Amino acid sequence: MKQIHVRSERSYNVSIDTKWSLELEKIAREHTKILVIAPASMKANLDLAGYEVFYTPDGEDQKTLGTVDEIWNHLGEIQLGRKDAIVGIGGGATTDLAGFVAATWLRGVTWYAIPTTLAAMVDASVGGKTGINTGAGKNLVGAFYSPAAVLIDLSFLETLSDRDYAAGLAEVIKTGIIADISILDLLESSKDISAVRSHSAELISKSIQVKAKVVSEDFTEGKLREILNFGHTLGHAIEKLSDYQLRHGEAVSIGTIYALYLSEELCGLDPATTARVLALFVKFSLPTSYPDLGWSSILELMQGDKKARDSQLRFIGISSLATPVWLESVPTEIAAKSYERIRL
Ligand SMILES: NC(=O)c1ccc[n+]([C@@H]2O[C@H](COP(=O)([O-])OP(=O)(O)OC[C@H]3O[C@@H](n4cnc5c(N)ncnc54)[C@H](O)[C@@H]3O)[C@@H](O)[C@H]2O)c1
């Protein structure tokens, strides 16, 4: 088992290659009471007999205030107290939700993340960002609230569809672009998704090391942590406008290509780098363009993004691989021009 340490408002370990059922037993022994939060769609994959479980709707449908309210009521019924704990088992939507519930119940109770998708293992469960979606936008309501531990059982990946595995790879590729070129080399040397799957442990470890380092330096996103949002400004906008029909990673894949086009315009990025990344997305059947969703709606959502200041467009770009650049007050004409290149 490999452990990666994260320093934030509390310190904790991300353990890779655990047995989730044994870890859950251990957590249950350490607390008088625990509530497991997991998606109903995962019931067949999880033997949770004997545990108090709240089953959620699938995917983004669970990241709503309505679900949070139902769980709060459930926590009231079972009288979950300050010394008790919440365990989120599922993809990134579930760990975001479970963490947010833990942050808000009794002003904060202990929580553990057991991620079951690649996206949740490499990204969502690590770093302490928790939250839900609202009418105003994606992830606009939430809390920085770290888990007590992240416990990764690689066997969950065996049942993950190629579509969901690839969606997780979009975040892995993003990490390669902003900080660790060896990730891109490893993906380029693998023929297809099946070949990449045999490198899961290494890719997860490399990606988490980057995230742990960034988050440990800048937990509440003063500046450095913003690099992790590469590809997410446009990504979040089209994810919302597609009514969450796109996986988060698929939207990030399109957003990443957009951020590379912007980088060509604004920081002299060599188009050969964009072509290199584009080839990877194509290899893993990730989308790199999207039917027109209406530039004005996209622009409005991007201006309301968490990173925007006074409605000025801000993005993370790169001048070359592993060299992030903060793109401040990006002119709308340039943002629109790059959008033309990803519009189907
Ligand atoms: N907090 C953060 O820092 C952060 C970072 C990245 C992404 N996110 C969030 O994570 C979410 C995306 O994560 P995701 O792609 O894991 O989404 P998800 O949780 O919606 O899971 C995707 C699908 O995979 C299924 N699934 C989960 N585990 C499975 C398994 N082992 N086998 C088969 N099917 C399985 C789920 O039921 C769901 O249908 C988004 O809401 C995004 O905003 C958060």
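Count residues from 1 along the sequence. None of the values given here were measured: they were computed from a predicted structure. Just so you know, ligand 1 is whichever comes first in the structure, and atom 1 is the first atom listed for that ligand. Note: hydrogens, waters and symmetry copies are ignored here, and every other heavy atom, side chains too, is used.
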Worksheet item: For ligand 1, is S41 a contact, meaning one of its heavy atoms is under 4.0 Å away?
Response: yes

Worksheet item: Side chain or backbone of D96 under 4.0 Å from ligand 1, or both, or neither, by non-hydrogen atoms?
Response: side chain

Discussion item. Which option wins on minimum heavy-atom distance to atom 13 (O) of ligand 1: G92, A44, G142?
Written reply: G92

Fill in: For the student: nearest non-hydrogen atoms of A167 and R247, plus distance
CB-CB, 4.0 Å

Item to complete: Check whether any N or O atom of F156, backbone or side chain, sits under 3.5 Å from an N or O atom of ligand 1, and answer yes or no.
Response: yes

Worksheet entry | Proximity to ligand 1 by part of D58, non-hydrogen separation under 4.0 Å | side chain

Worksheet, complete the sentence: Counting heavy atoms under 4.0 Å, the part of H236 that contacts ligand 1 is neither

Worksheet entry | Options G59, G88, A38, A119, ranked by nearest heavy atom to atom 20 (O) of ligand 1, top entry | G59

Discussion item. With a heavy-atom distance limit of 4.0 Å, tell me whether A124 approaches ligand 1 through its side chain, its backbone, both, or neither.
Written reply: both

Item to complete: Could you tell me whether D164 approaches ligand 1 through its side chain, its backbone, both or neither, with non-hydrogen atoms closer than 4.0 Å?
Response: side chain

Worksheet entry | Polar atom proximity, V126 to ligand 1 (N or O, under 3.5 Å) | no

Discussion item. Taking 4.0 Å as the limit for heavy-atom contacts, which would you say applies to N139 with ligand 1: side chain only, backbone only, both, or neither?
Written reply: side chain

Item to complete: Answer with side chain, backbone, both or neither: which part of K129 has a heavy atom less than 4.0 angstrom from an atom of ligand 1?
Response: both

Discussion item. R225 versus ligand 1: do any nitrogen or oxygen atoms come within less than 3.5 Å of each other?
Written reply: no

Fill in: Modelled atom types, side-chain donor and acceptor of H232 and E239, under 3.5 Å
no

Item to complete: Report the relative orientation of the aromatic rings in F100 and W72; use parallel for angles under 30°, tilted for 30 to 60°, perpendicular for over 60°.
Response: tilted

Worksheet item: Considering V215, V122, T117, which one's heavy-atom position lies nearest to atom 26 (N) of ligand 1?
Response: T117

Worksheet item: Mind checking what makes ring-ring contact (aromatic ring centres under 6.0 Å, His included) contact with F156, not counting sequence neighbours?
Response: W20

Practice prompt. Return yes if a side-chain donor-acceptor contact under 3.5 Å exists between Y258 and T233, otherwise no.
Written response: no

Worksheet entry | Minimum heavy-atom distance between L118 and G168, given as atom pair plus value | CD2-C, 3.7 Å

Worksheet item: Which residues pass the ring-ring contact (aromatic ring centres under 6.0 Å, His included) test with Y112, sequence neighbours left out?
Response: H31

Worksheet entry | Side-chain (D47) to main-chain (A49) donor-acceptor, under 3.5 angstrom | yes

